[in-house]
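Worksheet: the structure to be examined is printed underneath.
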4 protein chains.
Amino acid sequence: MRTNDEPGGQTFTERARRTQIVGCAIELVAEAGYPAASIGKIAERAGVAKSVVLYYFSTKEKLVHTLVMEIFLASVPVMVPAIAAEETASGKLRAYIRSNGEFIHTHRDHALAMLEIWTSYRSATGQRLDEEMAESTARQPPQGDLAALDPTTIFELGQRTGEFRAFPVHHMTTALRQAIDGAVLQSSRDAGFDVPGYCEELVTIFDLATKGEP
Amino acid sequence: MRTNDEPGGQTFTERARRTQIVGCAIELVAEAGYPAASIGKIAERAGVAKSVVLYYFSTKEKLVHTLVMEIFLASVPVMVPAIAAEETASGKLRAYIRSNGEFIHTHRDHALAMLEIWTSYRSATGQRLDEEMAESTARQPPQGDLAALDPTTIFELGQRTGEFRAFPVHHMTTALRQAIDGAVLQSSRDAGFDVPGYCEELVTIFDLATKGEP
Amino acid sequence: MRTNDEPGGQTFTERARRTQIVGCAIELVAEAGYPAASIGKIAERAGVAKSVVLYYFSTKEKLVHTLVMEIFLASVPVMVPAIAAEETASGKLRAYIRSNGEFIHTHRDHALAMLEIWTSYRSATGQRLDEEMAESTARQPPQGDLAALDPTTIFELGQRTGEFRAFPVHHMTTALRQAIDGAVLQSSRDAGFDVPGYCEELVTIFDLATKGEP
Amino acid sequence: MRTNDEPGGQTFTERARRTQIVGCAIELVAEAGYPAASIGKIAERAGVAKSVVLYYFSTKEKLVHTLVMEIFLASVPVMVPAIAAEETASGKLRAYIRSNGEFIHTHRDHALAMLEIWTSYRSATGQRLDEEMAESTARQPPQGDLAALDPTTIFELGQRTGEFRAFPVHHMTTALRQAIDGAVLQSSRDAGFDVPGYCEELVTIFDLATKGEP
DNA sequence: TATGAATGAGCGTTCATTCAT
DNA sequence: CATGAATGAACGCTCATTCAT
């Protein structure tokens with residue numbers, strides 16, 4: 001009954017365990033794929049009992065949500081400053097692609113796990129991750145960092161300043177996000193895939209694609 | 001007596017059942033995702049016993065292979081003639097994107113199922129679909145139609161004729177394939193997604209991206 | 001509607017098919033063991049449809065009974081004359097062991113299949129082969145050849161003539177039958193096992209064991 | 001707090017359950033035969049869910065190995081001291097047969113289960129129990145108790161001391177093992193079979209058979 | 001805080017058998 | 001005479017989850 005309750009209602013031990021489990025889960029999902037990443041195997045990798053995982057994350061669904069958040073938060077310090085340092089929309093776009101590529105390159109497991117979850121995860125009711133998130137964030141739209149990490153913002157800026165041609169922003173966003181995910185996909189097939197090189201090509205592609213003919 | 005010696009050694013009943021099961025499987029994979037498309041659920045949807053599915057496709061792996069082949073073959077008459085009708089590389093590229101979009105639009109379930117399998121399927125040994133296919137086609141590389149449906153061919157043609165700038169072909173291929181898959185993804189989230197509109201934008205994007213400044 | 005009904009109510013074709021299926025079944029049981037010898041695999045080996053097997057032998061149980069009878073009948077021409085040619089009980093015993101060994105040697109599949117069925121087969125109600133047979137032959141005790149192939153007869157003869165010492169006949173029978181089955185067992189583990197050599201040793205063993213001290 | 005750190009890292013509950021399951025499995029195999037002893041039926045007999053059996057023995061193969069070990073270990077205290085107490089080879093041989101008979105008599109289910117497994121078990125790859133064991137003990141040959149329980153040792157001793165005549169040891173071993181297994185077989189057919197009486201006859205048989213004429 | 005124990009639903013697969021043709 | 005089609009029960013096994021301690 002020591003007074004070891006930390007702010008946020010979590011003890012030091014609890015935070016450590018959660019971090020450890022999340023780390024192992026990310027590794028396992030990246031290596032074996034989401035469907036093969038059972039709670040039992042995650043626990044085994046973490047060296048704890050299976051029930052411990054469910055003690056901290058009462059449901060597999062909640063564990064996945066935590067994973068996603070963890071991965072997203074890991075990308076913020078890499079991407080947000082890089083984008084913010086640029087002033088022009090095309091500068092921000094280049095920074096977005098390059099810093100995302102850098103994140104994929106330096107955090108391969110994080111990126112692989114995210115893609116696995118993104119493509120394979122379904123809730124008990126059959127919903128995909130984005131559908132679940134869309135529901136929970138319907139009333140509370142993303143702000144701050146989350147907004148900064150949405151290419152939409154950049155494309156809208158560029159169209160406002162006249163740097164970019166008139167294109168449907170959400171379509172360009174889809175194309176860009178998918179193209180970047182391609183880096184993760186190739187990296188998952190071939191650990192030696194040249195992610196920075198691929199992203200440099202993406203910079204060229206979307207530079208040309210957003211500016212259009214003079 | 002005619003039903004028993006059809007070409008391919010398959011009776012009328014057999015072909016009908018196989019078609020029906022494949023159809024139900026495609027629907028279910030498209031709706032619920034690959035991991036949720038168990039043999040039992042496929043059978044239930046088809047209104048037959050689980051063992052009937054395994055009577056026609058002795059293994060789930062074989063069922064998946066059949067699905068993939070079926071979907072691929074459905075795309076051929078839509079895409080191949082459209083691409084072949086164009087002479088220039090940029091014409092072929094536009095036709096590739098537009099006809100692929102048309103296929104996604106008119107064969108939504110096929111496209112969704114293929115994407116699901118592409119991203120979620122793993123063989124018993126953990127191999128992905130493309131890794132399995134890469135193994136089986138190692139000695140017998142694709143020819144004819146299959147080659148025509150690989151954007152690589154188009155990009156190489158364009159670089160030879162000088163229509164396209166010098167870019168790493170495999171990177172451009174990855175970006176294009178991913179961008180097109182984006183149409184499927186969006187369509188799975190929102191059945192009313194404007195696939196042709198999106199693809200028209202892709203036409204512009206890759207037109208600009210492949211030509212570039214001199 | 002040709003008048004091809006043979007005596008016994010079986011057509012030529014029918015007998016041929018039955019022989020063929022029984023032969024394949026014996027081979028398969030010998031090779032893969034009884035539990036692995038499913039009707040489907042037997043049919044496959046015979047090159048007929050699974051239902052054909054059940055058309056001729058309406059039940060797997062009946063097929064097994066036929067197999068056993070077939071194997072037994074195959075042993076008769078090898079063993080019975082050899083035993084009958086001897087006059088003394090110890091002569092008949094030697095002939096029994098040697099001819100049984102010869103049968104095992106020349107009909108390895110038959111012997112292996114019999115042993116597999118003997119040790120592994122259970123009817124739907126859990127009964128073993130001998131228990132089933134004991135039931136069906138309760139009222140109709142074996143005669144003629146069957147009696148000749150039961151070592152009991154030989155042992156009783158030897159005790160009557162004074163050639164053999166006084167031992168409990170059924171115990172000696174059990175020991176002998178088991179010892180001979182050992183040849184099959186060893187042969188199943190090692191195809192090159194020296195069955196005749198082993199049986200020659202059995203001849204010595206049971207010669208000594210039945211005569212006892214002078 | 002004491003239950004959790006027993007020797008072997010097993011809790012009291014775990015050992016109890018394992019013992020219970022192994023006991024039920026031995027009973028069931030003895031009664032219904034190995035093929036009929038499914039995990040589900042073993043669980044049913046133990047009054048637990050099917051998954052509980054797999055919780056303690058992650059694979060049926062492992063359960064079988066445990067069964068075999070359990071049965072073997074149960075025979076050691078009965079047979080080894082009895083054999084060790086004799087000095088001559090023929091004394092050891094008599095003790096071997098009699099103590100084995102005693103074990104079969106007092107541990108009928110154990111003996112039946114062992115014989116069932118011995119004759120019917122096949123691993124996933126089709127290997128029999130002895131073939132599996134031969135593989136695993138190839139580098140680490142059995143010593144001490146295991147060697148004492150192999151009749152080969154006794155026969156070799158007797159030939160060295162001149163008590164036994166010159167016979168091929170492995171053939172005599174096969175015959176003896178098979179003859180003793182006959183006791184189990186008869187006992188399984190008839191619960192009232194006189195195992196000690198049969199073994200006493202075996203003592204006579206192999207006494208005569210190993211000594212022979214000069 | 002942490003865990004061992006237990007469960008039930010579901011998985012892919014095999015199999016003997018039935019039946020209409 | 002022969003078969004293709006279909007079935008239901010059972011199999012070994014995995015998994016997320018519950019619960020008492």
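Every heavy atom of this structure was used, including side-chain atoms; hydrogens, water molecules and symmetry mates were not. Order of the sequence lines sets the chain letters (A, B, ...), proteins ahead of strands, with each chain counted from 1.
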Q: Write down the distance between CZ (A:F57) and P (F:dT17), rounded to a whole number of angstrom.
A: 13 Å

Q: Please tell me which of D:K50 and B:K50 maps to the more 5' nucleotide of DNA chain F, matching each residue to the nucleotide holding its nearest heavy atom.
A: B:K50

Q. Will you find, in the side chains of A:Y121 and A:E132, an N or O donor that is under 3.5 Å from an N or O acceptor?
A. yes

(Q) Which is more 5' along DNA chain E, the nucleotide nearest B:G40 or the one nearest D:V52? Just name the residue. (A) D:V52

**Q.** D:E131 and D:S123, any side-chain heavy atoms less than 4.5 Å apart
**A.** no

(Q) Measure CD/C:E61 against C1'/E:dC15 and give the value in whole Å, please. (A) 15 Å

Q.
At 4.0 Å (heavy atoms only), tell me whether C:T59 reaches a base, stays on the sugar-phosphate, or touches nothing.
A. sugar-phosphate

Q.
Looking at the base of E:dG8, is there any donor atom on it, or on the side chain of D:S51, that sits under 3.5 Å from an acceptor on the other one?
A. yes

Q. How does DNA chain F read in dot-bracket, base by base from 5' to 3', with Watson-Crick or G-U pairs under 3.5 Å and | used when the partner is on another strand?
A. .||||||||||||||||||||

Q | Taking every non-hydrogen atom, the tightest pair across D:A25 and D:L67 | A | CB-CD1, 3.8 Å

Q: Could you check how far CD1 of A:I42 sits from C1' of F:dT14, rounded to whole Å?
A: 14 Å

(Q) I'd like to check the salt bridge (charged side-chain N to carboxylate O under 4.0 Å, His left out) partners of D:E27; sequence neighbours left out, ordered by chain and number. (A) D:R45

Q: Examine distances only and state if a side-chain atom of B:E116 and a backbone atom of B:Y34 form a donor-acceptor pair shorter than 3.5 Å.
A: yes

Q. What is the distance, rounded to the nearest whole Å, between atom CD of D:E14 and atom P of F:dA20?
A. 21 Å

Q) Rounded to whole angstroms, how far apart are OH on D:Y121 and C1' on F:dG12? A) 13 Å

Q: Round to a whole Å and report the spacing from CZ of B:R18 to P of F:dA5.
A: 10 Å

Q: Measure the distance from CZ on A:F12 to P on E:dT1 and round it to the nearest whole Å.
A: 14 Å

(Q) So for B:S38 and E:dG10, does any side-chain atom that can act as donor or acceptor lie under 3.5 Å from a complementary atom in the base? (A) no

Q. Looking at A:V52, A:I39, A:V64, A:L63, which one forms a side-chain contact (heavy atoms from CB on, under 4.5 Å) with A:F57?
A. A:L63

Q | N/O (side chain, D:R17) to phosphate O (OP1/OP2, E:dA6) under 4.0 Å | A | yes

Q. For DNA chain F, whose closest nucleotide is more 5', that of B:Y55 or that of D:K41?
A. B:Y55

**Q.** Euclidean distance, atom NZ of residue C:K60 to atom P of E:dT18 [Å, nearest integer]
**A.** 15 Å

**Q.** Closest nucleotide among F:dA5, F:dT17, E:dT13 to the A:L54 side chain
**A.** F:dT17

Q. Side chains of D:L54 and D:T59: closer than 4.5 Å at any heavy-atom pair?
A. no

Q) Counting any heavy atom closer than 4.0 Å, what does D:K62 reach on the DNA or RNA strands: base, sugar-phosphate only, or nothing? A) nothing

